[in-house]
Amino acid sequence: MLTLKDVKGVGDATIKKLHDLGINNVFEVFSFLPRKYVDLQSPVKVLDAQVGQLSLFEGRVEKVSAVSMRGKKSFYVTFSDELDNNRIFFKAMFYNMPFLHDTFETGQRYRLLARLSKDVGVLSVVNPSLEKIEKISKLDGIYTVYPLRGVFGQNTYKNIVYSALDTLKNVKYDDSTLSKVSKDLATCFELAHRPDNVQTAERAVNALASIDIAIMLSIYRKLRDNSQKSRKVFYNLSNFRIVNFENALGFAPTLTQTQAFEDIMQDLTSPFNMSRIVSGDVGSGKTAVAFFAMYLCAFAHKQCALMAPTEILAKQHAEKFARISNALGINFALLTSSTTGSERKRILLGLKDGTIDCIIGTNSVVSEDVEYRNLSLAIIDEQHRFGVNDRSKLEKKGACDVLSLTATPIPRSMALTFYDDIAISRIEKRESAKTNVKTSVTSDIDDALNRIADSLKNGKQAFIVCPSIVDAEGNDLMSIESFMRDYGGYFDGFACSVMHGKLSNDEKEAAMRDFSSGKTRLLVATTVIEVGIDTKASEILILNADRFGLASLHQLRGRVGRDGSPANCILYSSNKGEKAIERLSTLEKSNDGQYLAEVDFSMRGAGDFIGTKQCGISVTPIFGLQMNGEVLKNAKSYADGLSDLSLNELLALTHCSCAKVDEFIEKIEKVTINS
């Protein structure tokens, strides 16, 4: 196996510096990719260059100063701009490079790569990369920029990379799959480090990202297949009729809900444990699907636990399920941290002796003192808000089948890659439930607040969402604290509630109760209102909207107009960046959560979908490259050809620590509920 010492020009001192960059073997030299590609085909005039932008210049040496031996041993060279008929002058400052001083002679012509600065009318560059025009080798074609943190100069590191790449030219490849992958990697590394043009570099980097994901996906598939659990708990569903549930439901389910019912029945009668995700937009009816699963479980004389992320949502579910449970004879209870005294004792006894069929609650349903007689099904609402540990606790208490609900749509490009064998039921809204919310983006905070105040004067209710609770040093986010201090005067005379995660359950309950009943007209809150709370509010203002993902903004928007009546969502952002404006304007154009998920994924990568709390990795595990739909599509196709590789061969291809592999697998499992 090739070692760092086998690379020409790499000795002990260089190896120590490579270690400082986290590079410990030759593979990591290859995978330490450029962070930027600069097209050096066309030098620019100094006067045409943007200040602060990395640019390529051509200049003639006019004057060389003496070396100052104080401080950083600096000197400067005055150049005239070759591209501007030598009429414009600029200085190149050199620090800690006295060895270069005697290489400059008046009249010599150089090509320089540097960032231009302008101070008191003087144009200058600092420590440029440069070569004589008649001897150009590196400052031509495509210039690669590596994140070297001052450990190496750019050219010094490139010599190491090029020497390492040259060793690959002597490698012999056979027809095996392992050899094919190694050859593909070698080709991509060559094109990524020594591209002929920027387009070639981009294609090589995307190909590396696809191979990266393909290898990890193949590892995941093998681990998943090895751990797939055969069914040991069986449901007796003879004489079961869906129509009984539909009658109790009180309305005709949609076609996609009915399909989800059938999917769940097939899962619970299959040879393997259920692991199904029910994905649906805000207000699409995922809860009805959950209630169907609860009824199935109770009908088969098994126990079911539905776990919601907040007490407010758990109580809301319990209120809705009460009517269904009465009609179908299901004995259920609500268990949260607020359940105390004799009621809690009654519930714990009923779960232990089996007289309670279904339990709805927060993570109180997995408390240590909660024992179940025959828990078999766990339903997890807003599954991205729970970690592997919570689901593991349910499994330890007996739940072998898992149904997860999410209103954060999984992009199809992600689903096609990671969810081949993970069951997903997509629930579509019925036409009569389509929201009528008009979304607008503004950078005028006063206009936004006046619009909310006017709506309150007209008898409406409104949310104002802040991204944080209190001010933080160096953070320009609008907190509840700063909002109430600076803008509370807009709402003098209107009853207002405040709600955030640091309040006690009783305080949150009181704030939500007052708002739901109409006692207060304005609710200022953080994203704790994101999860399915029903209200009659028709206006919502989201502050610093550019700091949220599209999925979160869509969820928040779903808090208003829930009865189908006209509603307004105002997105305030002072960010003038093109990408921020483009993202937010997407919400003005569409109320389709699935479409927004696809847009968010294409713009921001996988950060909202792999991991917990809608954040996590947005880059590939080995090379740290950005994911996108095309990368994932190609990764799936590539992974299909790796099926004959063993787990050890796949792990060897990663050349990375088992901890890194484990971390990636765990993050996938947090989404797939396949823990």
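What you see below is based on every heavy atom in this structure, not just the backbone, and it leaves out hydrogens, waters and symmetry mates. Since the structure is predicted, the reported quantities are computational estimates derived from the model, not experimental observations. If you read the sequence from its start, that first residue is 1, and numbering goes on from there.
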* Asked: Does the Ser210 side chain pair with the main chain of Val631, one donor and one acceptor, at a distance under 3.5 Å?
  -> yes

* Checking ring pair (Phe, Tyr, Trp, His ring centres under 6.0 Å) for the pair Phe245/Phe291: CA distance, chi angles, key distance, verdict? -> CA-CA 9 Å; Phe245 175 76; Phe291 291 167; 7.8 Å; no

* Min side-chain heavy-atom separation Asn363-Val366 under 4.5 Å -> yes

* Sub-4.5 Å side-chain heavy-atom contact between Tyr295 and Phe261 -> no

* Return yes if some donor-acceptor pair links the side-chain N/O of Thr310 with the main-chain N/O of Leu313 below 3.5 Å, else return no. => yes

* Asked: Does NZ in Lys183 sit with more than 12 non-hydrogen atoms of other residues, nucleotides or ligands closer than 6.0 Å?
  -> no

* To do: Could you tell me whether a side-chain N or O of Lys397 sits under 3.5 Å from a main-chain N or O of Val370, the two making a donor and an acceptor?
  => yes

* Report the distance from atom CD1 of Ile380 to atom CG of Leu394, rounding to the nearest 0.5 Å. => 6.0 Å

* Taking all heavy atoms of Lys286 and all of Ser279, pick out the closest pair and write down the distance. => CD-C, 4.2 Å

* To do: Go through the steps for Leu217 and Tyr638 under the test side-chain contact (heavy atoms from CB on, under 4.5 Å), then give the verdict.
  => CA-CA 10 Å; Leu217 178 59; Tyr638 197 92; over 6 Å; no

* Exercise: identify the closest heavy-atom pair between Ile324 and Ala248 -> CG1-O, 3.9 Å

* To do: State whether a side-chain donor-acceptor pair under 3.5 Å links Arg276 with Ser425.
  => yes

* Just do the side-chain hydrogen bond (donor to acceptor under 3.5 Å, both in side chains) check on Glu507 and Ser504 with the steps written out, would you? => CA-CA 5 Å; Glu507 289 172 321; Ser504 68; 3.2 Å; yes

* To do: Consider only side-chain N and O atoms of Ser646 and Asn648, and report whether a donor and an acceptor are under 3.5 Å apart.
  => no

* To do: Could you tell me whether the side chain of Ile330 reaches within less than 4.5 Å of the side chain of Cys358, counting heavy atoms only?
  => yes

* To do: Please examine the side chains of Glu649 and Leu642, heavy atoms only from C-beta on, and report whether any two atoms are closer than 4.5 Å.
  => no

* Asked: Which atoms form the tightest heavy-atom contact between Thr339 and Leu334, and what is the distance?
  -> OG1-O, 3.6 Å

* Asked: Is Asn331 reaching over with its side chain to a backbone N or O of Thr355, donor-acceptor style, under 3.5 angstrom?
  -> yes

* **Asn236-His301 side chain donor-acceptor pair, cut-off 3.5 Å** => no

* Main-chain N/O of Asn634 paired with Ser637 side-chain donor or acceptor, under 3.5 Å -> no

* **Flag if over 12 foreign heavy atoms under 6.0 Å of CG, Leu349** => yes

* Can you find a heavy atom in the side chain of Glu371 that is under 4.5 Å from one in the side chain of Leu351? -> no

* Asked: Would you say Ser364's side chain and Gly361's backbone share a donor-acceptor pair under 3.5 angstrom?
  -> no

* **Polar side chain donor-acceptor pair, Tyr235 to Ser376, under 3.5 angstrom** => yes

* From Ile264, Val402, Thr269, residue fulfilling side chain to side chain contact (heavy atoms under 4.5 Å, CB included) relative to Met274 -> Ile264

* To do: Determine, step by step, whether Glu246 and Phe251 satisfy the side-chain contact (heavy atoms from CB on, under 4.5 Å) criterion, reporting the C-alpha distance in whole Å, the side-chain angles of both residues, the deciding distance to 0.1 Å, and the verdict.
  => CA-CA 7 Å; Glu246 292 176 345; Phe251 58 84; over 6 Å; no

* Asked: How far does CG of Asp212 sit from CG of Asn206, to the nearest 0.5 angstrom?
  -> 12.0 Å

* To do: Measure the CG-CZ distance between Leu553 and Arg547 for me, rounded to the nearest 0.5 Å.
  => 13.0 Å

* **Nearest-0.5 Å distance, CD of residue Gln316 to CZ of residue Phe321** => 15.0 Å

* Asked: Does some side-chain heavy atom of Asp401 sit less than 4.5 Å from a side-chain heavy atom of Glu395?
  -> no

* To do: Assess whether salt bridge (charged side-chain N to carboxylate O under 4.0 Å, His left out) is satisfied between Arg344 and Asp369, documenting all intermediate values.
  => CA-CA 11 Å; Arg344 182 176 176 82; Asp369 60 343; 3.0 Å; yes

* **Any side-chain donor near an acceptor of the partner, Glu311 and Thr336, under 3.5 Å** => yes

* Asked: Counting N and O atoms only, with roles assigned by atom type, does the side chain of Ser179 sit under 3.5 Å from a partner on the main chain of Ser176, one being a donor and the other an acceptor?
  -> no

* Non-hydrogen atoms of Ile379 and Cys304 that approach each other most closely -> CD1-SG, 3.7 Å

* Say you draw a straight line from NZ of Lys180 to CG of Asp174; how long is it, rounded to the nearest 0.5 Å? -> 12.5 Å

* **Close side-chain approach of Leu208 to Leu33, heavy-atom, < 4.5 Å** => yes

* To do: Look at atom CZ of Arg231 and say whether more than 12 heavy atoms of other residues, nucleotides or ligands are closer to it than 6.0 Å.
  => yes

* To do: Enter the distance from Ile277:CD1 to Arg426:CZ here, rounded to the nearest 0.5 Å.
  => 9.0 Å

* Evaluate side-chain contact (heavy atoms from CB on, under 4.5 Å) for Asp267 paired with Leu403, printing each intermediate quantity in order. => CA-CA 10 Å; Asp267 286 350; Leu403 182 70; over 6 Å; no

* To do: Check Asp357 against Gly329 and note the closest heavy-atom contact, atom names and distance.
  => OD2-O, 4.4 Å

* Applying side-chain contact (heavy atoms from CB on, under 4.5 Å), run through Leu653 and Ser182 and close with a yes or a no. => CA-CA 8 Å; Leu653 278 171; Ser182 298; 4.2 Å; yes

* Would you say the side-chain atoms of Gln303 pair up with the backbone N or O of Asn374, donor to acceptor, closer than 3.5 Å? -> yes

* Asked: Do Thr527 and Leu556 come within less than 4.5 Å of each other through their side chains, counting heavy atoms only?
  -> yes

* Asked: Do Thr256 and Gln259 have a side chain donor and acceptor closer than 3.5 Å?
  -> no

* **Shortest non-hydrogen separation from Gly285 to Gln257 and the atoms involved** => O-NE2, 3.0 Å

